[in-house]
Amino acid sequence: MKRLGSDFFNVPTLVLAERLLGKIFVHREGPGKVIKGRIVETEAYLGDGDEACHAWRGMTDRNRAMFGPPGTLYIYFSYGCHYMANIVSEPEGAAGAVLLRAMEPIEGIEWMQTRRKTGEMTALMSGPGKLTQALGIGPALYGKSLLGDTCWLEEAPDIPHEMVGISPRIGISRSTGLPWRRFVSDSPHVSKTQSGPSAKKRKKAVGM
DNA sequence: GCGATGATGAACT
DNA sequence: GTTCATCATCGCA
């Protein structure tokens with residue numbers, strides 16, 4: 001299985017978001033301990049004109065990885081309980097990254113089930129906080145490159161264009177109109193719109 | 001089954 | 001002090 005190189009990541013964020021669908025994300029935690037998942041859902045975040053992007057107002061201590069070279073991992077701890085994994089795109093210096101929102105378990109499923117405390121396949125990685133837990137992604141991977149030998153992506157066939165779903169991003173309260181979410185429309189592993197993401201809060205944020 | 005709410009840490013104003 | 005790119009659980013129907 002061929003690893004994807006820097007050329008794969010060195011493209012505009014929206015292109016990368018769609019290109020990532022179907023690819024295999026690999027995390028090698030140690031000898032004989034390899035976890036793999038197939039990416040089925042992503043979201044694009046741009047530093048320019050996107051108020052939902054952490055790098056929208058410029059570089060800070062937290063988001064500096066988003067300004068790094070393409071293929072860098074931007075790990076972010078949120079809500080006091082969950083990590084989120086992003087892949088940096090575009091040339092170095094421009095802020096832009098793709099949030100990994102959901103994957104399909106491929107390998108190392110036993111470890112995922114132990115960490116996630118569930119045996120249900122569609123619940124293992126069907127959400128941004130879930131997949132980082134299943135993969136064992138944490139602060140140790142902040143700023144790491146997918147061109148290294150701890151984490152990388154494996155080549156896989158592109159998803160046919162008619163199978164790629166497009167929708168506004170989920171779970172954010174700013175720039176909600178931008179249709180920058182990409183997902184494999186027939187996959188049972190995409191994040192469920194759980195229970196309506198706090199409709200009241202959203203109304204409040206919109207100003208109703 | 002569905003929807004609302006609390007948990008919980010770090011960055012930002 | 002408030003916000004946040006979330007998830008699991010509790011309450012009610």
Side-chain angles (χ1 to χ4, degrees), chain A residues 13-14 16-18 20-21 25 37 39-68 72-90 95-103 105 112-143 165-183 188-208:
Chain A
T13 307
L14 281 168
L16 184 62
E18 184 157 337
L20 281 170
L21 295 176
F25 186 98
I39 300 171
V40 297
E41 183 178 349
T42 63
E43 281 178 9
Y45 286 85
L46 299 188
D48 189 24
D50 176 10
E51 296 191 10
C53 180
H54 290 158
W56 148 61
R57 278 180 327 109
M59 197 185 310
T60 66
D61 192 44
R62 172 171 64 163
N63 67 26
R64 66 186 184 281
M66 208 183 280
F67 293 81
T72 300
L73 281 172
Y74 168 46
I75 309 294
Y76 159 56
F77 190 64
S78 177
Y79 291 93
C81 351
H82 304 289
Y83 291 98
M84 276 160 242
N86 300 250
I87 298 177
V88 177
S89 64
E90 311 218 39
V98 177
L99 168 69
L100 303 177
R101 281 197 63 85
M103 296 188 196
M112 296 186 199
Q113 290 174 333
T114 302
R115 279 197 279 245
R116 294 277 305 116
K117 297 184 172 69
T118 177
E120 204 175 330
M121 290 298 287
T122 55
L124 287 178
M125 311 177 87
S126 57
K130 297 179 190 177
L131 73 85
T132 55
Q133 189 184 7
L135 284 165
I137 289 177
L141 294 179
Y142 184 94
I166 297 178
S167 79
R169 292 173 294 182
I170 293 180
I172 56 174
S173 51
R174 314 194 67 130
S175 298
T176 51
L178 300 170
W180 287 354
R181 175 170 172 250
R182 295 289 183 280
F183 58 97
H189 298 281
V190 301
S191 65
K192 321 279 182 283
T193 314
Q194 280 237 336
S195 48
S198 188
K200 271 189 180 175
K201 266 189 180 176
R202 182 152 306 181
K203 274 189 181 178
K204 189 181 174 185
V206 173
M208 292 199 53

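Hydrogens, waters and symmetry mates play no part in the numbers below; they use all other heavy atoms, side chains included. Because the structure is a prediction, the values reported are computed rather than measured. Chain letters run A, B, ... following the sequence lines, proteins first and then strands; every chain starts at 1.
Summarising the geometry, the separation between CD1 on A:Ile170 and C1' on C:dC7 is reported as 14 Å, rounded to the nearest angstrom. In this structure, CG of A:Asn63 is placed 11 Å from P of B:dA11, rounded to the nearest angstrom. Counting to the nearest Å, the C1' atom of C:dC7 and the CZ atom of A:Arg115 are 17 Å from each other. The nearest whole Å value for the distance from the NZ atom in A:Lys130 to the C1' atom in C:dT9 is 13 Å. What separates NZ of A:Lys192 from C1' of B:dG1 is a distance of 16 Å, to the nearest Å.
Contact check of residues 72-87 of chain A against DNA chain C (heavy atom, cut-off under 4.0 Å) returns A:Tyr74, A:Tyr79, A:His82, A:Met84, A:Asn86. Contacts with DNA chain B (heavy atom under 4.0 Å) in residues 117-128 of chain A: none are found. Of all the residues in residues 53-62 of chain A, A:Arg57, A:Thr60, A:Arg62 reach under 4.0 Å from DNA chain B with at least one non-hydrogen atom.
Exactly one residue among A:Val40, A:Thr132, A:Leu131, A:Val190 makes a side-chain contact (heavy atoms from CB on, under 4.5 Å) with A:Met125. That residue is A:Leu131.
A:Gln133 contributes no side-chain N or O that, together with a main-chain N or O of A:His82, makes up a donor-acceptor pair within less than 3.5 Å. Counting only distance, with no hydrogens or angles, the side chain of A:Arg116 and the backbone of A:Ala123 share a donor-acceptor pair below 3.5 Å. Between the A:Asn63 side chain and the A:Thr60 main chain, a donor and an acceptor come within less than 3.5 Å of each other. Between the side chain of A:Arg115 and the backbone N or O of A:Met112, no donor-acceptor pair lies under 3.5 Å. Between the side chain of A:Ser126 and the backbone N or O of A:Thr122, at least one donor-acceptor pair lies under 3.5 Å.
Remark: A:Tyr76 engages A:Arg62 in a side-chain hydrogen bond (donor to acceptor under 3.5 Å, both in side chains) (not counting sequence neighbours). Contacts of A:Thr13 classified as side-chain hydrogen bond (donor to acceptor under 3.5 Å, both in side chains), with partners at least two apart in sequence or in another chain: A:Ser89, A:Glu90.
Ring orientation note: the planes of A:Tyr74 and A:Tyr142 are nearly perpendicular, at an angle over 60° on the 30°/60° scale.
Distances shown here put every side-chain N or O of A:Ser173 at or beyond 4.0 Å from the OP1 or OP2 atom of C:dT3.
For A:Arg169 and A:Glu43, the salt-bridge test fails: no basic side-chain N is under 4.0 Å from an acidic carboxylate O. Between A:Arg181 and A:Glu41, at least one side-chain nitrogen of the basic residue sits less than 4.0 Å from a carboxylate oxygen of the acidic one, meeting the salt-bridge criterion.
Residue A:Arg181 is classed as having no contact, given no heavy-atom separation below 4.0 Å to the nucleic acid.
Both A:Arg174 and A:Leu131 lie near DNA chain C, and the one whose nearest nucleotide falls closer to the 5' end is A:Arg174.
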Watson-Crick or G-U pairs under 3.5 Å in DNA chain C, rendered as dot-bracket with [ ] for crossing pairs and | for another strand
||||.|||||||.
